[in-house]
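Note sheet for the following structure.
Lettering follows sequence order; numbering is per chain, from 1. These numbers come from the heavy atoms of this one structure, side chains and all, not from hydrogens, waters or symmetry mates.
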There are 4 protein chains.
Amino acid sequence: MGKKESGGDFKKEKMKRSFASDNNAGVSPEIIEAIRNANKGDFLAYGDDPYTKHAEEKFKEVFGHNVKAFFVATGTGANVLSLSALLKPFQSVISAESAHINTDECGAPEKFTGSKILTVKTPDGKLTPELIEPILHTSHGEHQVVPKVVSITEATELGTVYTVEEIRKLTDFAHKKGLFVHMDGARIANAAAHLGCNFIDITGKAGVDILSFGGTKNGMLLGEAVVFFRPELAENFKFIRKQGGQLLSKMRFISAQFLAYFENDLWRRNALNANQMAKLLESKVKSCKKLEILFPVESNALFVKLPKDKIEALQEKSFFYVWDEISGVVRWMTNFLTTEKDVEEFAGSVFEVLGC
Amino acid sequence: MGKKESGGDFKKEKMKRSFASDNNAGVSPEIIEAIRNANKGDFLAYGDDPYTKHAEEKFKEVFGHNVKAFFVATGTGANVLSLSALLKPFQSVISAESAHINTDECGAPEKFTGSKILTVKTPDGKLTPELIEPILHTSHGEHQVVPKVVSITEATELGTVYTVEEIRKLTDFAHKKGLFVHMDGARIANAAAHLGCNFIDITGKAGVDILSFGGTKNGMLLGEAVVFFRPELAENFKFIRKQGGQLLSKMRFISAQFLAYFENDLWRRNALNANQMAKLLESKVKSCKKLEILFPVESNALFVKLPKDKIEALQEKSFFYVWDEISGVVRWMTNFLTTEKDVEEFAGSVFEVLGC
Amino acid sequence: MGKKESGGDFKKEKMKRSFASDNNAGVSPEIIEAIRNANKGDFLAYGDDPYTKHAEEKFKEVFGHNVKAFFVATGTGANVLSLSALLKPFQSVISAESAHINTDECGAPEKFTGSKILTVKTPDGKLTPELIEPILHTSHGEHQVVPKVVSITEATELGTVYTVEEIRKLTDFAHKKGLFVHMDGARIANAAAHLGCNFIDITGKAGVDILSFGGTKNGMLLGEAVVFFRPELAENFKFIRKQGGQLLSKMRFISAQFLAYFENDLWRRNALNANQMAKLLESKVKSCKKLEILFPVESNALFVKLPKDKIEALQEKSFFYVWDEISGVVRWMTNFLTTEKDVEEFAGSVFEVLGC
Amino acid sequence: MGKKESGGDFKKEKMKRSFASDNNAGVSPEIIEAIRNANKGDFLAYGDDPYTKHAEEKFKEVFGHNVKAFFVATGTGANVLSLSALLKPFQSVISAESAHINTDECGAPEKFTGSKILTVKTPDGKLTPELIEPILHTSHGEHQVVPKVVSITEATELGTVYTVEEIRKLTDFAHKKGLFVHMDGARIANAAAHLGCNFIDITGKAGVDILSFGGTKNGMLLGEAVVFFRPELAENFKFIRKQGGQLLSKMRFISAQFLAYFENDLWRRNALNANQMAKLLESKVKSCKKLEILFPVESNALFVKLPKDKIEALQEKSFFYVWDEISGVVRWMTNFLTTEKDVEEFAGSVFEVLGC
């Protein structure tokens with residue numbers, strides 16, 4: 001353009017590749033292009049448009065012809081609305097203590113559903129039937145909330161990934177106990193890429209009842225979906241979504257993104273890159289005796305225990321978040337655009353600051 | 001492109017210019033361009049990015065240096081979060097019976113705030129001190145909710161516009177009674193364009209305390225803002241927004257839209273076009289004795305009483321919404337892209353179907 | 001007693017018979033006696049006691065063998081929990097504008113259910129199918145709340161009484177439209193006494209789905225019941241009651257009151273007295289040209305329009321509540337202990353102050 | 001009486017003295033007498049009566065002249081309304097994992113306040129600054145709820161009692177961190193009796209900000225109070241109580257009970273008896289090698305680990321609740337009427353069934 005671009009020019013402020021969070025990355029060019037292409041002519045709002053119809057069909061292709069998919073604005077929105085569809089206020093949801101719904105949604109689930117979250121300590125962010133079992137022993141009748149949903153996150157908030165078998169075991173157990181299974185799939189693409197499977201394999205086929213399907217952290221501009229694998233549970237969801245403030249008027253621009261996201265497996269290419277860069281980072285830094293990598297690196301996050309007095313200096317080189325300030329655990333995340341050079345540079349900073 | 005565009009090709013399904021709702025239009029090209037330009041490099045998420053900082057500054061320029069602006073995903077989100085910032089659950093908000101918060105948000109305000117809406121019948125969608133006064137006579141003590149907010153919509157849901165003086169009278173009255181004034185500005189651009197004034201003249205300068213500032217209906221892709229004219233009321237708003245599921249991760253793409261929206265008065269050009277086309281439509285059809293235009297056409301909507309047996313035939317020519325099926329009132333809306341030709345065509349259909 | 005009674009001696013402060021509200025009266029001696037008799041030995045709490053079992057059986061005798069009754073602490077509690085059992089937050093309840101749930105529960109229904117109340121203006125506090133019909137014309141899809149419950153009050157807040165036929169017409173209409181019918185029976189005893197029928201005739205037999213059955217205003221110390229005429233709706237009610245803070249631990253003392261209340265038709269004797277005294281008061285004052293009795297006196301309340309400048313002087317003689325300070329409407333209520341002498345005295349004050 | 005008493009005759013069903021819960025006991029005769037005495041004449045409802053005025057004054061005498069006391073129907077009501085007065089929905093309350101608000105109120109706090117409860121594992125039901133400290137390290141900004149209240153229970157749900165010094169240390173810590181301290185005093189009388197102090201010593205003087213003061217478990221029929229030690233926090237409480245469905249119409253009968261409860265230290269005599277009987281039971285059974293008493297017996301509860309295969313047989317002798325079915329922990333509670341003979345009989349059953 002030669003001069004100031006409309007919308008501001010922040011080139012000089014431009015950050016280096018961030019290892020702070022995968023949503024620090026921008027948007028896949030294919031997604032931007034899809035938005036541009038959708039901007040032709042008038043269409044009915046709120047989802048009564050052909051892009052949305054098409055995208056809803058696409059979700060059936062991807063997740064099974066029985067599913068119903070609804071698009072929403074935010075991941076927190078997807079989670080609280082999913083839970084709302086399953087829970088009455090006196091019922092509760094069981095999650096790992098580290099679950100996003102428990103730690104990072106500012107109490108949105110409790111506020112919106114009125115329900116309690118019963119948390120379980122886990123070694124690696126993953127629930128198991130054995131971990132859940134004790135919580136189901138309730139004997140106080142109406143004085144206690146009634147467990148009704150198990151919520152798991154795939155990939156977990158700690159970067160680990162449930163295998164198909166682990167999910168199956170959990171959903172079998174849950175269903176036997178009369179519980180629904182909700183999956184927070186904010187990073188489900190990273191999980192599927194890691195497992196080398198399709199979305200359906202770790203969701204509907206594995207017994208998941210409802211899914212918060214995230215696109216934003218893996219290259220979309222904005223867009224999450226709530227996917228029902230039991231369509232009868234979706235009966236009132238249009239109203240729940242509207243009352244939850246999550247119904248977008250110019251829906252076609254979300255739908256068009258989803259179409260592009262699934263096209264030519266854009267989602268998998270993006271996620272694979274992020275995952276591979278995380279493994280690369282792991283391989284680069286694991287030799288350093290001054291740090292400790294805490295969980296298996298199975299998606300695009302590393303949780304690393306650092307000497308507490310070095311954290312700030314390293315953050316100055318490249319900002320990232322402290323996960324637990326007491327123990328000195330930090331989180332490093334890669335994204336769909338992270339390059340080998342980015343990783344090398346970052347690993348270099350680590351070695352330099354820590355003096356490995 | 002010559003072949004199927006990514007994201008689907010719906011050219012054949014493309015609607016004619018819609019008179020159903022202003023959010024049926026697409027997005028201003030300047031907005032799309034701003035989104036594209038913002039897609040360069042990594043930036044911190046959730047608003048800690050230079051685009052958002054810049055846009056927040058821009059809001060101060062536009063609305064006064066004291067204001068605090070927060071960006072959210074939807075208009076319903078903006079309204080319920082605004083009200084949440086002002087209300088305790090036992091307090092109530094007074095609105096026109098025709099207000100969007102009362103009729104078209106699926107009970108989101110009640111659900112999210114726990115508060116009651118006290119409604120007032122109005123002749124034209126506009127509240128006045130005289131209309132509000134009787135509702136303030138409460139004598140049942142703690143048995144009654146406590147009025148705390150007056151919510152007005154500018155332009156109103158009926159297409160009318162409060163003048164600066166009307167707003168001033170209302171805010172003076174409200175403040176004297178210890179009430180806050182909230183403005184639902186989903187179509188504030190149309191109002192300001194109609195009045196030939198700036199946003200600040202009908203908001204902060206006129207005594208409004210908090211504003212839901214809408215961009216989506218006037219050419220943005222997605223983006224609303226909550227603007228506080230008393231910054232002390234904003235103290236907790238970041239938490240309210242997050243808990244409300246309205247915090248967008250890749251915020252920069254909303255902020256960049258707002259920057260483009262204010263640049264070179266894009267908002268005014270867009271709104272003026274919509275308003276002018278509404279006046280044009282009014283002038284074209286008002287001679288027809290078989291219809292009745294119900295309210296002054298001051299923004300981009302016409303409310304028209306039609307012979308009930310003609311509505312369907314006209315909808316088939318060009319879809320629009322029935323506003324009141326009992327009385328046969330329908331709504332026709334223009335948007336920032338409506339052309340004179342569109343209006344002529346639509347008016348032609350009206351004459352043809354009604355046999356004027 | 002000769003000396004200070006335990007619990008304080010307020011004989012000198014003792015009010016004259018109040019015409020302000022029926023809950024200003026004390027408690028029937030039979031009720032006090034029942035409480036005393038129930039105070040023998042230990043019993044399980046929260047309703048697992050023989051008094052409660054017995055009382056639940058009694059409700060089946062009175063209301064039909066299919067009903068399920070649950071005891072709660074307050075009338076507002078009974079109403080909001082009833083509505084909670086019927087409504088999802090995006091659904092709405094239709095009531096008269098004058099309904100207690102709309103005007104005198106400080107927004108408890110909205111706060112607790114998250115649902116909206118859609119109000120209808122009525123001439124006399126009574127809903128009819130014709131009055132409700134227009135509200136059911138909704139065409140905005142998920143943008144609008146979904147009517148799901150009609151709530152009527154028997155006797156109404158304006159002292160009028162629905163006949164059996166009126167209720168039947170309403171419930172038939174509601175059921176045809178897919179709506180439940182809730183009855184706020186805070187003064188159902190006065191209605192049944194007026195109609196000379198049994199409780200079942202104006203509830204289950206007339207098609208009512210759920211009832212807030214009030215005892216407190218008619219001689220009980222404290223105690224309301226939620227009565228389900230469709231037992232399947234009661235499935236989760238024990239949890240709703242507990243989560244609503246309405247589960248009383250020493251339940252037997254509530255249950256024992258209900259047993260005494262039904263015994264030998266104590267409820268009817270009490271209600272009849274209140275009703276008769278209201279009619280007597282009406283007959284005494286209606287000749288006075290300076291006041292206007294607004295509604296048919298069918299239970300134990302008179303709504304009377306007074307010269308506004310006389311209200312305070314009359315309140316000083318005997319306190320009562322102003323119903324509408326703008327128009328000068330006041331409410332006078334009789335109770336189960338009101339005597340002819342009380343009425344004569346009060347009517348005398350009216351004549352004296354108004355100068356009839 | 002010679003014939004059937006009004007309200008039913010359940011003499012034959014009468015339980016032996018229960019060790020299941022202190023609210024299985026009846027009501028102190030002094031309380032019944034106070035209710036009877038309050039039943040004279042008409043008084044304004046909802047607390048505008050001399051009994052309530054008097055009782056409010058009494059609370060000032062007992063808790064300090066600055067306090068404001070409000071009477072409510074249930075303990076759950078008292079707790080959730082207290083928390084509502086202190087919390088915004090995005091703020092959280094910290095409690096012991098074993099706290100009643102967390103385990104036995106069916107999610108009422110989350111439902112009513114919208115807030116999250118952050119729980120802390122404790123060895124004995126008692127929070128300490130050291131246990132709370134780690135929870136206050138929050139670094140996720142608006143993504144996390146904001147701790148605002150520490151809630152402690154005195155005596156705890158595990159039968160232990162905070163000393164004055166322990167409370168002081170906690171409240172100093174909390175206030176330094178900007179947190180309020182709520183005390184759930186469902187069994188505060190047992191704690192004060194154990195410590196040999198007055199209520200004020202473990203509440204206002206020790207830094208507590210707000211108290212749920214329970215009377216029901218210690219000989220009242222029904223009645224709890226919310227006591228504000230910072231009167232400015234009570235500003236809106238009348239509305240919160242009404243909207244919470246906890247405002248009792250014939251309030252005088254609650255107030256009269258409180259007056260009798262404080263008169264001649266009835267509360268202390270009742271609590272002392274319960275406490276002494278618990279100690280007696282402890283002394284009787286502790287020699288038995290087949291059981292293990294888990295916590296110091298400082299109020300009126302024993303938590304005892306039993307051989308799991310003996311629990312049912314012992315319950316058949318005298319019913320009590322299993323506290324943790326996995327580990328075989330049960331709870332035995334004494335009450336204000338428990339006699340030495342009751343304890344001896346129960347201990348006898350224990351020895352017999354366990355074969356000590």
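- Considering only heavy-atom pairs separated by less than 4.5 Å from chain D, the leading option among C:P29, C:G107, C:G75, C:G77 is C:G107.
- Rounding to the nearest 0.5 Å places NZ of D:K242 at 5.5 Å from CD of C:E105.
- Residue D:K88 places its NZ atom among 12 or fewer non-hydrogen atoms of other residues, nucleotides or ligands, all under 6.0 Å distant.
- Crowding of C:E344 atom CD: a count of heavy atoms from other residues, nucleotides or ligands under 6.0 Å exceeding 12.
- Atoms OG and CZ, on C:S18 and D:F43 in that order, are 11.0 Å from each other to the nearest 0.5 Å.
- Neither the backbone nor the side chain of C:V80 has a heavy atom closer than 4.5 Å to any heavy atom of chain D.
- Within the 4.5 Å cutoff, no side-chain heavy atoms of C:L222 are placed close to those of D:F253.
- Counting heavy-atom pairs closer than 4.5 Å to chain C, the top-ranked of the candidates D:S255, D:G244, D:C106 is D:C106.
- With a 4.5 Å cut-off on non-hydrogen atoms, C:Y321 touches chain D through its side chain but not through its backbone.
- Between D:F112 and C:K111, the closest heavy-atom pair is O-NZ, 2.5 Å.
- The main-chain N or O of D:G245 is found under 3.5 Å from a side-chain atom of C:Q246 such that the two form a donor-acceptor pair.
- Across all non-hydrogen atoms, the minimal contact from D:I35 to C:I32 is CG2-CD1, 3.8 Å.
- The structure places CE of D:M220 at 10.5 Å from OG of C:S249, a figure rounded to the nearest 0.5 Å.
- Counting heavy-atom pairs closer than 4.5 Å to chain D, the top-ranked of the candidates C:T74, C:L337, C:T76, C:N23 is C:N23.
- Across D:T338, D:N335, D:N24, a single residue satisfies side-chain hydrogen bond (donor to acceptor under 3.5 Å, both in side chains) together with C:D42, and that is D:N335.
- Heavy atoms closer than 4.5 Å to chain D are found nowhere in C:I31, neither backbone nor side chain.
- Side-chain contact between D:K250 and C:T216 is present, with heavy atoms from C-beta onward closer than 4.5 Å.
- C:Y46 touches chain D through its side chain: at least one heavy atom from C-beta onward sits under 4.5 Å away, while N, CA, C and O do not.
- Between D:A20 and C:L44, the shortest heavy-atom contact is CB-CD2, 4.2 Å.
- Side-chain contact between D:R36 and C:R36 is present, with heavy atoms from C-beta onward closer than 4.5 Å.
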